[in-house]
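See below for the structure under consideration.
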Amino acid sequence: MTKPVHRVAPHVDIPIRQDSLRAHNLVLTFRQIVAAQDTPISRSELSTATGLTRPTISRIVDDLLAAELIIEAGPARSGSSGRPRVGLSLARTGPAGLGLDIRADVLSACVVDLTGAVRHLDFVPYDGTDPATVLPRLAAMADRAIEAAAAEHLTVVGATMAAPGPVQDNSIVRFAPTLGWRDVDAGAALSESVSSGSAALPILVGNDARLAALGEWYASGQAMRNFVCVSGEFDIGAGLLLNGAQLGGWAGELGHVMVRSDGPSCACGAVGCLQCYAGLTAILAAANHDGRDGGGSPAVAIDTLVSAGDPRILDALDEAATALGIAVAGLVNLVSVDTVLLGGSYSLLASWLVDGINRELRRRVLSANWAPIEVRPAPLGPDAAVIGAALSAVDRVREDPNGWLARVQSR
Ligand SMILES: [Zn+2]
């Protein structure tokens, strides 16, 4: 993550080897440049922020410049003295992260650079959800994305695939009810067929709702501290950030929270799950529609029916909003969040969902009178998961650039 790094005194009790001390100081310095985001930071500011001497900072900055991790952003004015200074910023060439995502209507691939800017975004329609056909297509998209990145002087250093369900060991999709996947080692399958130049490419798998929340958090400038991003895509998932830290583990399967004990059977094996009322295909089914008019996108099909004034789809959306409000109210009663982002395809349908969700939050959240909760569409919408996946891949360099430095120096 990119939380500002505060001055840390070196540990004096245990002897630190010279090379590990250098690596530690490099991380400390680099994270300050990352945390400064779009504002260039000078060598003297780095020295003040880290407590390292000016000569040490100069050596580290030279290494970071040589490795193309940072650039000199040109002369700027600083402080009361008004003396010119040279600002340092993250480079837009060098290491990059790759994201892959499986949506209801398309497969997507995305490359982001060190600054978090999206440099490549690709969509491919697909038929059928068999991992034996989906994963090779994703691998082909990954190869194309790596090639496109190379043309812009970017080297993909890691990839993350977003999966609609719980994931174990950053690799195995244990259960994706709406895809029909069980125990699919997507990470291993993709690692076998994707490479970035001569280096092995680490490919991880993460939960799509959690990665979408990460993408939205970056898009907000990391200003939000306590929020939930409820993503409606294949499956309904929730990514939670509390006190600026993401909730990990198996959490986030909001789609399989029960909203009615006498409800219909869910693909997960339980009954009355939120998914049965607010899943995109469930909304269409409640309106007696199969969604074929949406060109493969259930959200587009719903939007088309709303535009045509179909009263059944409006009733189905109202029922979906009520079910979402009940499930989200339960979540907000347990953990304190001040913002509910409607992510994924829900962002496209937010106009028909927000009022119903707010109605249930007012009825059910005990603290609602004193701690208002804002419900709004998420800015990145359906692209959030793939962008968040790519960001999580490049975050490994943002956290610790020593691996990249060693790679550059060994060339
Ligand atoms: Zn379920």
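All ligand and atom numbering here is 1-based and tracks the order in the structure.
The shortest distance between side-chain heavy atoms of Val194 and Asp143 falls below 4.5 Å. Counting only heavy atoms from C-beta outward, the side chains of Val27 and Pro401 approach each other to under 4.5 Å.
With sequence neighbours left out, the side chain to side chain contact (heavy atoms under 4.5 Å, CB included) criterion links Leu391 to Val112, Tyr218, Ile387. In this structure, the side chain to side chain contact (heavy atoms under 4.5 Å, CB included) partners of Ser47, at least two apart in sequence or on a different chain, are Arg54, Ile57. Residues passing the side chain to side chain contact (heavy atoms under 4.5 Å, CB included) test with Ala282: none are found, sequence neighbours excluded.
No side-chain donor from either of Asp169 and Ser171 sits under 3.5 Å from a side-chain acceptor of the other.
If you look at the Zn ion (ligand 1), the protein N, O or S atoms less than 2.8 Å from it are His256 ND1, Cys266 SG, Cys268 SG, Cys273 SG.
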